[in-house]
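Here is the structure we will look at.
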Amino acid sequence: MKLFSLILSILVFFISLYFFVDKVSYIHNFNDVIYISLLGILMIICITGIIINWEFFSKKNTTK
């Protein structure tokens, strides 16, 4: 489940980053500012999910 969450967070982050970079130069009104802000918040949430689930790779089975 942690692997699925990590992959999903990474995937959504890159999709959001694509739309953020694509639309950031076309800010014409307040609705565009809200849209860009929501994309930024979504990317921050994805970064948080990546940080939380990153231990999936670094965690070794040390119990005996």
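Because the structure is a prediction, the values reported are computed rather than measured. The chain is numbered in sequence order, starting from 1. All heavy atoms count here, side chains included; hydrogens, waters and symmetry mates do not.
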* **Nearest heavy atoms of S5 and N53, plus distance in Å** => OG-ND2, 2.9 Å
* Are any non-hydrogen side-chain atoms of K23 and I36 less than 4.5 angstrom apart? -> yes
* Under a 4.5 Å side-chain heavy-atom rule over Ile, Leu, Val, Met, Phe, Trp and Tyr, are F4 and F14 clustered together? -> no
* To do: Mind checking the SG-CD1 spacing from C46 to I15? Nearest 0.5 Å is all I need.
  => 9.0 Å
* **Same cluster (ILVMFWY, side-chain, under 4.5 Å), I44 and V24** => no
* Structure fact -> Of all heavy-atom pairs linking F20 and M43, the shortest is CG-CE, 3.7 Å
* Y18 backbone acceptor or donor facing D22 side chain under 3.5 Å -> no
* To do: Consider only side-chain heavy atoms of I, L, V, M, F, W and Y, link residues closer than 4.5 Å, and tell whether L42 and I50 are in one cluster.
  => no
* Asked: Any sub-3.5 Å donor-acceptor pair from N31's side-chain atoms to I34's backbone N or O?
  -> no
* **Euclidean distance, S16 OG relative to I41 CD1, rounded to 0.5 Å** => 11.5 Å
* State yes or no: do V12 and W54 share one hydrophobic cluster built from I, L, V, M, F, W and Y residues joined by side-chain heavy-atom distances below 4.5 Å, directly or via other members? => no
* Asked: Is there a path of hydrophobic side-chain contacts, each under 4.5 Å between heavy atoms of I, L, V, M, F, W or Y residues, that connects I47 with L17?
  -> yes
* Structure fact -> Exactly one of L39, V33, L38 clears side chain to side chain contact (heavy atoms under 4.5 Å, CB included) with Y35, and that residue is L39
